[in-house]
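When a ligand or atom number is given, it counts from 1 through the structure's own listing order.
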Amino acid sequence: MRKPVIVGNWKMNKTPSQAKELLNAIKEKELDSEVEAGVCVPAIDLTLASEILEGTNIKFGGQNMYFEEEGAFTGEISPLMLNDIKANYVILGHSERRDIFGECDKLINKKVLSAFAHDLTPILCCGESLEEREANKQEEKVKSQITADLKDVSEDLVEKMIIAYEPIWAIGTGKTASADDAEAMCAYIRNLVADLYTKETAEKVRIQYGGSVKPANVKELMAKENIDGALVGGASLKADDFAALVNHRK
Ligand code: 13P
């Protein structure tokens, strides 16, 4: 019922000329149409993604945005800019935004509301640090993030979003959460959405796992009941690997 969704988060990789090459290489791949595939590229590569992916089934989006539509916000991009190039998604609250750039839940909540108001699908990230995991505080951490980030988001909107569970200790480290641990947290998040909204809504929300997902482990993760997709960093930077992730069911 929930369409699997594999999204590449390129992070701060690929200059426009490199992006052009990778986008064209991805476009050439035969991708399983039963799986939603997308790429979230650096702001400077967004127009290229829009042009190159036009007419394909591959979706694209930004890795961040500010919540205002325009104005004196040096260095930011706005939902109107993403709308203008027909972006589908925007990643919000990635742990790198939270930890390196100091984004707090209050700000992320404003961004989530703004994304919905502009018809963009937020990919809302959450997840615990190694310290929190070792103290068995992963549920507490994710609960506080999701509850704050979804404040004032109505039920009809929340069902359209994507939530990405990304334990910080598994990002870019080669250490994947075990499929069972990832499933346990994704199930926890679904129950949390059911508590905040309803069970029906929770059944519709798509929940991704992120953290060292690669062709070698994607099948096992995707086989889990509550894991509907993956948000992929490193492995999404090679067209062959990205295609293998999207085609994990073949
Ligand atoms: P890696 O796949 O490189 O571990 O990155 C995960 C991630 O942060 C995706 O948003």
Check: Under the salt bridge (Lys or Arg N to Asp or Glu O under 4.0 Å) criterion, do E36 and R206 qualify, and how do the steps go?
Finding: CA-CA 11 Å; E36 186 174 312; R206 290 183 295 173; 3.0 Å; yes
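- Distances between N or O atoms of L231 and those of ligand 1 include no value under 3.5 Å.
- A salt bridge between K204 and D156 is absent, with no side-chain N of the basic residue lying under 4.0 Å from a carboxylate O of the acidic one.
- Looking at G233 next to ligand 1, an N or O pair under 3.5 Å apart turns up.
- Annotation: K141, atom NZ; neighbour count of heavy atoms from other residues, nucleotides and ligands within 6.0 Å is above 12.
- Looking at E21 and K14, no side-chain N of the basic residue comes within less than 4.0 Å of a carboxylate O on the acidic one, giving no salt bridge.
- Note: an N/O pair closer than 3.5 Å links S212 and ligand 1 by distance alone.
- The shortest heavy-atom distance from K11 to ligand 1 is under 4.0 Å.
- Remark: ligand 1 and V232 share no N or O pair separated by less than 3.5 Å (distance only, no angle test).
- Closest approach of L22 and S236 over heavy atoms only: CD2-O, 4.2 Å.
- At least one N or O atom of H94 sits closer than 3.5 Å to an N or O atom of ligand 1.
- Contact annotation: A235 has no heavy atom less than 4.0 Å from any atom of ligand 1.
- Taking all atoms of both residues into account, the shortest heavy-atom contact from V205 to R2 is O-CD, 3.4 Å.
- Under 4.0 angstrom from ligand 1, the non-hydrogen atoms of I171 come from both its backbone and its side chain.
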